[in-house]
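Quick note: numbers below take in every heavy atom, side chains included, and nothing from hydrogens, waters or symmetry partners. Letters A, B, ... mirror the listed sequences (proteins, then strands); counts begin at 1.
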Amino acid sequence: MGIKDLLRFMKPYVHPIHINKYAHKRVGIDAYSWLHKGAYSCSMELCLNTEGDKKKFQYINYCLHRINMLRHHNITPVLVFDGCNIPCKSQTDEHRHSKRKESRELAMAKLKQGDTNAAIEMFQRAVSITPLMAYQLIQVLRSENIEFVVAPYEADAQLAYLSSLDADKGGIAAVISEDSDLLAYGCTSVIFKMDRYGNGEEIVIDKVFDSAGRLPSFLHFNKELFTGMCVLAGCDFLPSVPGIGIGKAHALVSKYRNLDRVLSALKFEKGDQMPKDYLTSFKEALAVFQHARIYDADSKKLKHLTPLGETLVHYSGEELDFLGPELSSSQASAIAEGLLDPCTMKAFNKLLVCDDQLKKPTAVNNAVPNRILKKETTTEGCFTIVSSCKTGTKKIAVVNKTKPDSSFELLSNLKQLISPLNDNSVNIVDRTIPAKRSSVVPNSNPFKRLKQTVVIDDCASEYSEVTEVEHLEMTPDSQKSVESKFVNKTGVKKMVTSGKKVESKSESNKNTILNFFSRV
DNA sequence: GCAAGGTCTAAAT
DNA sequence: TAGACCTTGC
């Protein structure tokens, strides 16, 4: 929802731009806003969660398309994902959750009646973005070497923090989002409504404060007063006092130029209409926008968006929980790196390396006795999980092409992740391969044809007849193409797609991305 | 003039 | 779902 009517109110300060304005710069992206848009086209498949339905991964294609468009314009995208919900937003979250539940029930009823169109419309309202969906995108980002961070709490706060840093310290020059909250958090440049070609509308907050003679005037505003105005107008953390909208909020802040004086005047004017705990709630909401807990990649710890002021600095740890409860350094890094689900605090791989798929052999299992459960490739290396349906054992191979040290890091991460499965049936093998076998390192231009070949032979061949060769290609259609050839010991090549042998050596980009996941 | 509430529409393919 | 736009009422 963001700040009520803020974008409409700020219309005179909104300028159409093209994203190439940020060429050679780093730009942050509110990943959930893209996931939401991408989920629109596959909302029914996501809600029904049909086993083996490739269409439910369509949202990943949407995000990749946009990422590749940015890279085409020489922009470095940094995707920022939402983490756990913060306590003071729970009312908004509950409201959204119940609305979605309602829509989902309606959609199911329409589906039963055979009214598919009405059902799809309802599913579009019912779809919610889950941490698992975010994780599935994160896997693709890793394989594409695209920067991302999962915020401990609100992605908006994390984006505002990155906005405040210099580029050489991981900072970003602008944020792409649909949420006006970004302005309240103090982001300097926010691009709204960016389309698939890179056209969007931008607000640069410094220009807002500097521009004389334009209405509404923000000449005597600073970041704190602006954020105060946003909270007064009504935000996700606190509804406005009856009769106060963005216009009145702006007028009050312009007149008093001090938030304490604004609140006193408001109390005098509204009397009993003002909720009893409004002053406390206002200060908490303001504090969230100013000092929310964010992840600092440099120290690998949680930090406040801006240092706590005189009042808050004396609060105890628990009293500051409304800014997002404190997390240990290891928890914060594991969340930020996309290894832990920020809501459940459980490792994501439990959801992916799922034994259910082994117990019920699929067409893939029938066609290829030893199914590759999970495969992740980066420019530096990859790992593969190979499972034997015959013996029920699993083997993980870590293959490294450029930095031998990082395979050990990857191995230790994997060991940590699969600890619940870490019994005799799981084998982890380091397969660092010589540099001469490494492939061409992809560059950031998605329109240039790239070729990266990784050979994972010994691990897979011990387990079955198959050896996998993977080619990763970027095409003008801005999608990553994953082509898997299974080569048996006699050298006969077969293409395997979702358990069916196909003759074609290449697939459409859409299918190949989905194929990547159908094998997970 | 402004807040508040209602309706309409785009979001993706 | 959320923003844009319109109408109504204070």
Side-chain angles (χ1 to χ4, degrees), chain A residues 1-12 14 30-47 53-67 69 82 89 92-104 106-107 116-117 120-130 133 137 156 176-183 190-197 199-201 203 215-216 229-230 232-236 239-255 266 269-270 273-274 477-479 508-511 513-514:
Chain A
M1 188 185 89
I3 311 300
K4 204 169 176 295
D5 288 331
L6 181 65
L7 292 185
R8 192 177 52 81
F9 190 71
M10 302 288 290
K11 201 88 181 174
V14 176
D30 175 6
Y32 269 64
S33 80
W34 280 5
L35 284 168
H36 267 291
K37 286 187 181 186
Y40 186 83
S41 63
C42 51
S43 52
M44 186 162 83
E45 291 75 13
L46 284 167
C47 288
D53 192 339
K54 294 174 182 179
K55 203 188 166 189
K56 70 182 175 189
F57 297 115
Q58 199 66 48
Y59 63 91
I60 288 172
N61 278 337
Y62 175 90
C63 295
L64 278 182
H65 191 276
R66 300 228 155 180
I67 286 165
M69 185 270 291
D82 272 303
K89 210 177 172 180
T92 308
D93 291 326
E94 274 170 32
H95 177 71
R96 285 175 182 168
H97 181 73
S98 68
K99 280 282 211 183
R100 281 175 186 144
K101 201 179 159 196
E102 224 172 84
S103 300
R104 193 191 145 81
L106 267 169
T116 317
N117 285 341
I120 289 174
E121 200 176 303
M122 285 296 145
F123 278 128
Q124 284 167 350
R125 296 179 194 187
V127 72
S128 65
I129 306 302
T130 63
M133 286 166 72
L137 176 58
D156 299 349
I176 298 168
S177 178
E178 301 304 321
D179 195 345
S180 52
D181 274 348
L182 267 306
L183 296 169
V190 187
I191 299 154
F192 300 99
K193 298 171 194 166
M194 192 190 75
D195 67 16
R196 67 172 79 177
Y197 308 108
N199 301 301
E201 296 177 350
I203 294 183
L215 292 174
M229 177 194 78
C230 293
L232 282 170
C235 61
D236 285 352
S240 66
V241 171
I244 301 296
I246 188 74
K248 287 258 174 80
H250 174 261
L252 282 166
V253 175
S254 299
K255 185 175 176 184
L266 195 61
E269 190 187 319
K270 293 291 173 182
Q273 271 187 290
M274 195 161 160
D477 212 17
S478 309
Q479 304 290 0
S508 73
N509 290 325
K510 179 180 150 192
N511 285 336
I513 286 292
L514 302 178

| Atom CZ of F9(A) and atom C1' of dA4(B): how far apart are they, to the nearest Å? | 16 Å
| request: Tell me, please, which residues at least two apart from E45(A) pass side-chain hydrogen bond (donor to acceptor under 3.5 Å, both in side chains). | output: none
| In whole Å, what is the span from the CG atom of L7(A) to the C1' atom of dA10(B)? | 16 Å
| message | Quick check for you: among dT13(B), dA3(B), dA11(B), whose closest atom lies nearest to any side-chain atom of R196(A)? | response | dT13(B)
| task | Using side-chain hydrogen bond (donor to acceptor under 3.5 Å, both in side chains) as the criterion, list what pairs up with K101(A), not counting sequence neighbours. | result | none
| said: Without decimals, in angstroms, what is the distance between K270(A) NZ and dC2(B) C1'? | reply: 11 Å
| request: Round to the nearest Å and state the distance from E269(A) atom CD to dA3(B) atom C1'. | output: 13 Å
| What residues form a side-chain hydrogen bond (donor to acceptor under 3.5 Å, both in side chains) with S177(A), not counting sequence neighbours? | D30(A)
| query | Can you pull the contact range of chain A along DNA chain C, 5' to 3', using atoms under 4.0 angstrom from its heavy atoms? | reply | dT1(C) to dA4(C)
| K193(A) or H36(A): which one's nearest nucleotide on DNA chain C is closer to the 5' end? | H36(A)
| field | Closest-nucleotide 5' rank along DNA chain B - winner of G245(A) and S41(A) | value | G245(A)
| said: Show the nearest heavy-atom pair for residues R104(A) and C47(A), with the distance to one decimal. | reply: NH1-O, 2.7 Å
| task | Mark yes or no for whether K4(A), through its side chain, and P239(A), through its backbone, hold a donor-acceptor pair below 3.5 Å. | result | no
| said: Let me spell it out: for each of G243(A) and R66(A), pick the nucleotide of DNA chain B with the closest heavy atom. Which residue's pick is nearer the 5' end? | reply: G243(A)
| query | Whole-Å distance between dG1(B) P and L215(A) CG? | reply | 13 Å
| note | Taken to the nearest whole Å, OH/Y40(A) to C1'/dA11(B) is 6 Å
| For DNA chain C, whose closest nucleotide is more 5', that of R8(A) or that of V127(A)? | V127(A)
| message | Once salt bridge (Lys or Arg N to Asp or Glu O under 4.0 Å) is applied, what residue pairs with a partner in residues 34-44 of chain A remain, sequence neighbours excluded? | response | K37(A)-E178(A)
| query | Separation of I120(A) atom CD1 from dT13(B) atom P, in whole Å? | reply | 15 Å
| Listed by chain and number, what are the side-chain hydrogen bond (donor to acceptor under 3.5 Å, both in side chains) partners of Y32(A), not counting sequence neighbours? | none
| field | d(CG, L46(A); C1', dT13(B)) in whole Å | value | 14 Å
